[in-house]
Amino acid sequence: MIENLRQVAVLAKARLAEAADLETLAKLDVEFLGKKSAVAIAKRQIAALPAEQRRDAGLEINATRAEITKALGAARHRLEQTVYQKQLEDERLDLSEYRHKRRPGSLHLVTQARDRLEDVFVGMGFTVAEGPEVESAWYNFEALNIPEWHPARGSFDTIFVELGEPEEVMLRSHTSPVQIRTMENQQPPIYIVAPGRTFRTDTADATHLPAFNQIEGLVVDRNITMGDLAGTMDEFVRTFFGSEVKSRFRPSYFPFTEPSAEFDISRPDGTWLELGGCGMVHPNVLSNCGIDPERWQGFAFGFGIDRLAVLRHELDDIRELVNNDVRFLRQF
Ligand code: FA5
């Protein structure tokens with residue numbers, strides 16, 4: 001019997017080591033440790049053995065059972081690990097596939113400049129205002145103190161939209177109409193910036209585009225002076241460009257500001273780039289919007305955003321911004 005049990009143990013271990021899945025294992029468990037197994041049969045036969053052989057037979061049965069139980073445990077552990085690994089493999093997602101195939105895009109240079117301008121002015125206490133890109137003559141010119149006969153009207157190279165009478169309709173030639181729309185709807189104190197697209201019949205060259213972007217600024221409050229305008233511009237230049245960039249005012253003329261100035265900033269090569277116009281809001285403009293110029297004063301400015309982007313990234317030509325050459329745009 002003892003010899004038989006030893007053979008059973010060797011066989012059981014070999015079969016358990018080969019078991020390929022948990023179902024086979026359950027069958028082997030029944031076969032080698034169940035009621036009809038060699039071990040169970042041997043146990044029932046002990047009583048029939050001569051008394052002096054019972055002890056050895058008992059020890060052998062227990063040892064065989066223990067050996068088979070241990071091999072069963074090891075096989076179970078091995079198979080459970082395999083099932084777990086397979087599950088992990090099945091559920092795995094290869095995210096690197098996405099990373100390699102799709103390169104993330106980025107915001108256009110002009111959008112980046114515009115966002116940054118908004119951030120700088122919001123940081124200084126301004127709010128952001130908006131207006132339509134198609135305007136009437138009232139908002140684009142008349143309310144801004146540019147009546148029909150005024151020679152300045154010609155200098156804006158306006159693109160008209162033919163919708164017929166009664167009003168002249170045009171693509172706005174600057175963001176200054178947003179000044180009027182804001183003052184019509186809001187009592188002072190007013191501190192706004194208004195970025196947006198503007199249009200002129202200008203032919204594209206290294207510094208001009210027919211569709212470009214401006215950012216308008218308007219402040220209306222009590223006792224506002226040219227000193228407030230200068231201080232605001234100074235603070236803006238320092239925050240936006242850093243302290244190494246210098247700025248200057250040049251006397252100029254706009255019908256909607258008095259006095260008026262042109263605002264320039266220094267380029268790395270020492271030359272100056274015209275960024276935009278500014279000045280104290282003309283009393284006629286305040287009156288046109290129902291604001292008493294005796295009680296309120298204001299300043300306004302209007303800068304070209306595309307030119308700011310050109311300066312910031314040291315581009316040679318403003319047309320680079322709209323050529324849509326992905327190899328160029330990808331750099332930023
Ligand atoms: C104006 O448009 C005034 N509305 C600015 C202003 C606002 C003055 C408030 C006073 C108070 P100007 O035509 O100079 O001004 O244009 C302002 C800026 O827009 C220019 O300095 C330039 O930076 C930009 N700009 C004008 N035309 C173009 C163009 N074709 N392409 C790119 N940028 C342009």
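Just so you know, these numbers use all the heavy atoms, side chains as well, and skip hydrogens, waters and symmetry mates. Both counts, for ligands and for their atoms, begin at 1 and track the order of listing.
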So does E118 pair up with R114, basic N to acidic O under 4.0 Å? yes
I'd like to check whether H174 has a polar contact with ligand 1, where a contact means an N/O of the residue lying under 3.5 Å from an N/O of the ligand. yes
Within ligand 1, which atoms have a heavy atom of C278 less than 4.0 Å away? 8 (C), 10 (C), 11 (C)
Please work out which of G276, G304, G302 has its closest non-hydrogen atom nearest to atom 7 (C) of ligand 1. G302
State the atoms of ligand 1, each with its element, that fall below the 4.0 Å cut-off from a heavy-atom position in H208. 29 (C), 30 (N), 31 (N)
Starting from atom 27 (N) of ligand 1, find the nearest protein heavy-atom neighbour and note its residue, name and distance. F212 CZ, 3.4 Å
Applying side-chain contact (heavy atoms from CB on, under 4.5 Å), run through V39 and F32 and close with a yes or a no. CA-CA 7 Å; V39 173; F32 289 104; over 6 Å; no
Quick one: does F256 get within less than 4.0 Å of ligand 1, heavy atoms only? yes
Is the Lys NZ or Arg CZ of R307 less than 6.0 Å from the centre of F212's six-membered ring, within 45° of the axis? no
Could you check whether H174 and F256 have their ring centres less than 6.0 Å apart? yes
Whether T257 lies under 4.0 Å from ligand 1, heavy atom: yes
Closest protein heavy atom (residue, atom, distance) for atom 31 (N) of ligand 1: L209 N, 2.9 Å
Could you check whether the rings of Y253 and H150 sit parallel, tilted or perpendicular, using 30° and 60° as the cut-offs? parallel
Do R267 and W272 form a cation-pi contact, if we require the NZ or CZ to be under 6.0 Å from the six-membered ring centre and within 45 degrees of the ring's axis? no
Is there a side-chain contact (heavy atoms from CB on, under 4.5 Å) between M1 and L49? Walk through the geometry before answering. CA-CA 10 Å; M1 184 174 83; L49 289 174; 4.0 Å; yes
Numbering the atoms of ligand 1 from 1, which are under 4.0 Å from a heavy atom of S176? 4 (N), 7 (C)
Ionic contact status for E142 with R153, cut-off 4.0 Å: yes
shortest atom 15 (O) of ligand 1-to-protein heavy-atom contact is with F254 CE2, 3.5 Å
For ligand 1, which atoms, with element, lie under 4.0 Å from some heavy atom of T207? 31 (N), 32 (C)
For E274, the atoms of ligand 1 under 4.0 Å from one of its heavy atoms are 14 (O), 20 (C), 21 (O), 23 (O)
Aromatic contact, F236 with F303 (centres under 6.0 Å): yes
Would you kindly say whether S287 and N284 are connected by a side-chain donor-acceptor distance under 3.5 Å? no
Can you pull out the closest protein heavy atom to atom 22 (C) of ligand 1? Residue, atom name and distance to 0.1 Å, please. R307 NH1, 3.4 Å
For A300, atoms of ligand 1 separated by under 4.0 Å from a heavy atom: 9 (C), 11 (C)
Counting each atom of ligand 1 from 1 as listed, which ones have a heavy atom of Q179 under 4.0 Å away? 9 (C)
Looking only at protein heavy atoms, what sits closest to atom 17 (C) of ligand 1 is Q214 NE2, 3.4 Å
If you take the nearest heavy atom of each of E216, E262, H282, R200, which one is closest to atom 1 (C) of ligand 1? R200
Electrostatic pair E216-R181, nearest N-O below 4.0 angstrom: no
Considering only the protein, which heavy-atom contact is closest to atom 23 (O) of ligand 1, and what is its distance? L275 O, 3.0 Å
